[in-house]
Number of protein chains: 2
Amino acid sequence: MSTSPKKHDVFQAIADPTRREILKLLAGRELAVTELAERFPISRTAVSKHLLILDEAGLVQSRKTGREKRYTLQAEPLSELEQWLSYFEQFWQNKMLRLKHLAEKKEN
Amino acid sequence: MSTSPKKHDVFQAIADPTRREILKLLAGRELAVTELAERFPISRTAVSKHLLILDEAGLVQSRKTGREKRYTLQAEPLSELEQWLSYFEQFWQNKMLRLKHLAEKKEN
DNA sequence: AGTATATACAACCAATTGGTTTCATGTCAA
DNA sequence: TTGACATGAAACCAATTGGTTGTATATACT
């Protein structure tokens, strides 16, 4: 464990549309591999591989219950993306709108 | 133009570390292909290919001046990423709140 | 005990990716 | 005009990716 050099980072993990959809499905609820696979036109094995990649990036957590392995979203690593993005925020035009939006969000 | 099905989207475009670095280099200043390539251990051609992919994703703009082609950042498409991210923000912020709660509980 | 279910693991495959080298073309500077 | 420079384009290559099928193993159901 620990210092194993992660083969996949967050940027790679979210590059694939299927994986992005998996993340959405796992947001909030916990799903087993089969339950997830039912929602896609690809095989369970393929979904399993996507889950492995998401796991390497730290974006999902799994828990074995009986013969099932149930996955949930682990959103924190996305903060790296957010941080990366924040550098570029100043360079696009809706900057003002965006800041306003954020300010309003913070007020609540 | 117009309805050409873009072969690369923003998510794919930023998946590669070299391309992310190119974007940083192009933030603010305008650089020609060769000037960019000098900053990387790979060939000019390779950098050119990365620029093509960034261009397909709409993340750079180019302008021909004489024999040079000069590129600049076009950050606006990153808003798609930001929008995508914003959906997940609640999930790590909630967790942080929860952890804070737990921490406070422990203190008592 | 015997069968069905959930997952893992391995081998394989075609397409894509990130890189290279070579050659062609356009442009600037003497 | 000749040579140097900047880029584009094509052919090629190894590694990775996203997918498959088949087999094995652990767990649950009756």
Side-chain angles (χ1 to χ4, degrees), chain A residues 1 4-26 29-74, chain B residues 1 4-26 29-74:
Chain A
M1 268 221 65
S4 61
K6 270 188 288 183
K7 210 165 45 177
H8 292 97
D9 63 20
V10 181
F11 292 93
Q12 290 169 257
I14 65 156
D16 182 87
T18 301
R19 286 196 291 272
R20 288 199 299 278
E21 188 139 358
I22 289 177
L23 290 181
K24 283 232 162 153
L25 286 169
L26 291 179
R29 61 179 166 293
E30 191 190 45
L31 291 173
V33 185
T34 307
E35 292 171 317
L36 268 170
E38 281 165 3
R39 271 116 166 151
F40 294 94
I42 59 178
S43 72
R44 185 197 47 81
T45 310
V47 171
S48 238
K49 284 189 183 177
H50 283 307
L51 286 168
L52 184 71
I53 289 168
L54 290 170
D55 187 55
E56 280 174 0
L59 286 168
V60 294
Q61 255 184 338
S62 63
R63 160 176 89 91
K64 261 203 74 180
T65 69
R67 56 185 161 180
E68 287 187 326
K69 194 166 179 185
R70 322 209 94 235
Y71 284 85
T72 43
L73 174 69
Q74 239 279 317
Chain B
M1 267 218 61
S4 61
K6 269 188 288 184
K7 211 164 46 180
H8 291 97
D9 62 21
V10 180
F11 292 93
Q12 289 170 257
I14 66 157
D16 183 87
T18 301
R19 286 196 291 271
R20 289 199 297 278
E21 188 138 358
I22 290 178
L23 290 181
K24 284 232 164 152
L25 286 169
L26 291 180
R29 62 177 166 292
E30 193 190 44
L31 290 172
V33 184
T34 307
E35 292 171 317
L36 268 169
E38 280 166 3
R39 272 118 166 148
F40 294 94
I42 60 178
S43 72
R44 183 199 45 85
T45 310
V47 171
S48 237
K49 283 189 184 178
H50 282 308
L51 285 168
L52 183 72
I53 289 168
L54 290 171
D55 188 54
E56 281 176 357
L59 286 168
V60 294
Q61 256 182 340
S62 64
R63 163 175 88 91
K64 262 203 74 180
T65 69
R67 54 185 163 183
E68 288 188 326
K69 194 166 180 185
R70 324 208 94 234
Y71 284 85
T72 42
L73 175 70
Q74 238 282 315

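- Atom pair B/Glu21:CD and C/dG18:P shows a separation of 15 Å (rounding to whole Å applied).
- No N or O donor and acceptor, one from the side chain of B/Lys69 and one from the base of D/dG8, sit under 3.5 Å apart.
- Between A/Leu59 and A/Leu26, the closest side-chain pair of non-hydrogen atoms is not below 4.5 Å.
- For the OP1/OP2 pair of C/dT16 and a distance below 4.0 Å, the side-chain nitrogens and oxygens of B/His8 include no atom meeting the criterion.
- For the atom pair A/Glu56 CD and A/Asp9 CG, the distance stands at 10.5 Å (nearest 0.5 Å).
- Summarising the geometry, the separation between CD on B/Glu68 and P on D/dA4 is reported as 19 Å, rounded to the nearest angstrom.
- The interatomic distance linking A/Glu35 (CD) with C/dA6 (C1') rounds to 11 Å, in whole Å.
- Taking atom CG on B/Asp16 and atom P on D/dT16, their separation rounds to 14 Å, with Å as the unit.
- Between the side chain of B/Lys49 and the base of C/dT20, a donor-acceptor pair under 3.5 Å is found.
- A/Arg67 contributes no side-chain N or O that forms a donor-acceptor pair with the base of C/dT7 under 3.5 Å.
- Distance, B/Arg63 CZ to D/dA6 C1': 15 Å, rounded to whole Å.
- Take the nearest nucleotide of DNA chain C for B/Arg44 and for A/Thr34: the residue whose nucleotide is more 5' is A/Thr34.
- When each of D/dT27, D/dA9, C/dA8 is scored by its nearest atom to the side-chain atoms of B/Thr45, the top-ranked nucleotide is D/dA9.
- Residues B/Glu38 and B/Thr34 have side chains in contact (heavy-atom distance under 4.5 Å, counting atoms from C-beta outward).
- A/Ser43 has no side-chain polar atom (N or O) that falls below the 4.0 Å cut-off from OP1 or OP2 of D/dG19.
- When the side-chain nitrogen and oxygen atoms of B/Gln12 are compared with OP1 and OP2 of C/dT17, one or more of them lie within a distance under 4.0 Å.
- Nearest to the side chain of B/Ile53, among D/dG18, C/dG18, C/dA8, sits C/dG18.
- Between B/Arg39 and B/Glu21 there is no salt bridge, since none of the side-chain N atoms of the basic residue sits less than 4.0 Å from a carboxylate O of the acidic one.
- For B/Arg70 and D/dT7, the shortest distance from a side-chain N or O to OP1 or OP2 is not below 4.0 Å.
- Here A/His50 does not reach the OP1 or OP2 of D/dT17: none of its side-chain N or O atoms lies under 4.0 Å away.
- Counting to the nearest Å, the C1' atom of D/dT17 and the CZ atom of A/Phe11 are 20 Å from each other.
- Distance B/Leu31 CG to D/dA6 C1': 14 Å, rounded to the nearest Å.
- Rounded to whole Å, atom P of C/dT7 lies 9 Å from atom OH of A/Tyr71.
- For A/Thr18, whose side chain is taken as the heavy atoms from C-beta onward, the closest listed nucleotide among C/dT20, C/dA6, D/dG19 is D/dG19.
- Electrostatic pairing of B/Arg70 and B/Glu35 counts as a salt bridge here, judged by a charged N lying under 4.0 Å from a carboxylate O.
- Each of C/dT7, C/dT20, D/dT7 was ranked by its minimum atom distance to the side chain of A/Val33; first place goes to C/dT7.
- The nearest pair of heavy atoms linking B/Thr72 to B/Arg29 is CG2-O, 4.0 Å.
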